[in-house]
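First comes the structure, then the notes that go with it.
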Amino acid sequence: KYILLRGSFRSQRPVRINKNLKSILVLFGGADTNNFTLKALKALDRIPEKFMVRIVMGKFFGFSDQVKDFLVKFSKPFHVYKDIKDDDELIQIMRKNDLALVSGGYTTSELLRLGVPSIILSQNEIEDKRVFPNFPSTSFKYMGRGQRVSIKELRRAVRELILDYTTRKQLSLRARHVVDGKGLER
């Protein structure tokens, strides 16, 4: 019934989902200790459709060099954002995307509030047991523990959503009703 949501996100209106996907967000938290950022980029690299990739790396991300090395040969246009401290800047980045690849935590509730369709990989058991049970499974595509998801499986899931506007739209509509930003009023 209630989820913690930073003030800047509560007043946001949901995004409009483009029929033809234009941009994908890659955001796996402040540390991304399992380097799902690189896994996601490898999955996206071999998808034939054209789209922009926005990559957000947190302050404690320890794999910047690996990602930087991979991006030299990355086949998609991209933009890297590092250590974003301002909620309004993060909101604007999130709003520019038709799909997000993320892990659990605050990011999940923020993207649900904005209605950005998301594919989620959990980082650990805490996310499995305490984050995802709080949300209806029909409001995002949950792939389970990210360490167990292959690049090929992730690529297939992303491509299915790229090609299926109806499902992306349904995920967006469900997501924005799950986190409506009105918890303090209840």
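- Taken to the nearest 0.5 Å, the NZ atom of Lys169 stands 5.5 Å off from the CG atom of Leu173.
- At a threshold of 4.5 Å between non-hydrogen side-chain atoms, the residues Met94 and Thr107 count as touching.
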Practice item. Check the pair Arg155, Leu44 against side chain to side chain contact (heavy atoms under 4.5 Å, CB included), reporting the backbone distance first and the verdict last. Key: CA-CA 6 Å; Arg155 181 182 306 121; Leu44 297 173; over 6 Å; no
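- Interatomic distance, CG of Leu27 versus CE of Met57, reported as 11.0 Å (0.5 Å rounding).
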**Study point:** Chi angles and distances behind the side chain to side chain contact (heavy atoms under 4.5 Å, CB included) call for Lys82, Phe61
**Key:** CA-CA 9 Å; Lys82 293 184 179 180; Phe61 183 62; over 6 Å; no
Review point. Do Leu25 and Val56 pass the side chain to side chain contact (heavy atoms under 4.5 Å, CB included) test, and can you show the C-alpha distance, the side-chain angles, and the key distance before you say yes or no?
Key: CA-CA 8 Å; Leu25 174 68; Val56 178; 3.8 Å; yes
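- Summarising the local packing, CZ of Arg145 is surrounded by more than 12 heavy atoms from other residues, nucleotides or ligands at distances under 6.0 Å.
- Taking every heavy atom of both residues into account, Tyr165 and Asn18 meet most closely at CD1-O, 3.6 Å.
- Side-chain atoms of Asn35 never come within 3.5 Å of backbone atoms of Phe63 as a donor-acceptor pair (strictly under, hydrogens ignored).
- In this structure, Asp86 places its CG atom where more than 12 heavy-atom neighbours from other residues, nucleotides or ligands lie under 6.0 Å away.
- Relative to the ring axis of Phe51, Lys76 places its NZ or CZ within 45° and under 6.0 Å from the centre.
- With 3.5 Å as the limit, one finds a donor-acceptor pair spanning the side chains of Ser172 and Arg176.
- The NZ atom of Lys50 lies 11.0 Å from the OG atom of Ser75; values are rounded to the nearest 0.5 Å.
- Side-chain N or O atoms of Asp164 include one that pairs as donor or acceptor with a backbone N or O of Thr167 at under 3.5 Å.
- No side-chain N or O of Glu49 forms a donor-acceptor pair with one of Asn20 less than 3.5 Å apart.
- A side-chain donor-acceptor contact under 3.5 Å links Ser118 to the backbone of Val116.
- In this structure the side chain of Val80 never reaches within 4.5 angstrom of the side chain of Val67, judged on heavy atoms.
- Checking each of Leu71, Leu41, Thr37, Leu38 against Gln66 for a side chain to side chain contact (heavy atoms under 4.5 Å, CB included) leaves exactly one that passes, namely Leu38.
- A distance of 13.5 Å separates CD1 of Ile119 from OG of Ser103, quoted to the nearest 0.5 Å.
- Between Arg159 and Leu163 the shortest side-chain heavy-atom distance falls below 4.5 Å.
- Distance CZ/Arg113 to CD1/Ile91: 10.0 Å, rounded to 0.5 Å.
- Minimum interatomic distance between Leu90 and Ile84 (heavy atoms only, all atoms of both residues): N-CG2, 3.9 Å.
- Clustering ILVMFWY residues whenever any of their side-chain heavy atoms sit less than 4.5 angstrom apart, transitively, puts Leu99 in the very cluster that holds Ile47.
- Hydrophobic clustering of Ile, Leu, Val, Met, Phe, Trp and Tyr side chains at less than 4.5 Å, counting indirect connections, keeps Met52 apart from Ile93.
- Taking the side chain as every heavy atom from C-beta outward, Ser150 and Lys39 never approach each other to under 4.5 Å.
- When all heavy atoms of Leu101 and Ala40 are compared, the closest pair comes out as CD1-CB, 3.8 Å.
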**Study point:** Stepwise side chain to side chain contact (heavy atoms under 4.5 Å, CB included) check, Phe74 with Val53
**Key:** CA-CA 10 Å; Phe74 190 54; Val53 179; 3.9 Å; yes
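- The shortest side-chain heavy-atom distance between Arg156 and Val158 does not fall under the 4.5 Å cut-off.
- With 3.5 Å as the limit, one finds a donor-acceptor pair spanning the side chains of Tyr142 and Asp128.
- Closest of all the heavy-atom pairs between Arg95 and Leu114 is NH1-CD2, 3.6 Å.
- Counting all heavy atoms, side chain and backbone alike, Leu121 lies closest to Gly146 at CB-CA, 3.8 Å.
- Gln123 and Phe28 get closest at one heavy-atom pair: NE2-O, 3.5 Å.
- By the rule that hydrophobic residues join a cluster once side-chain heavy atoms approach within less than 4.5 Å of another member, Ile151 and Ile162 end up as members of separate clusters.
- The OG atom of Ser139 sits 8.5 Å away from atom CZ of Arg174, with the distance rounded to the nearest 0.5 Å.
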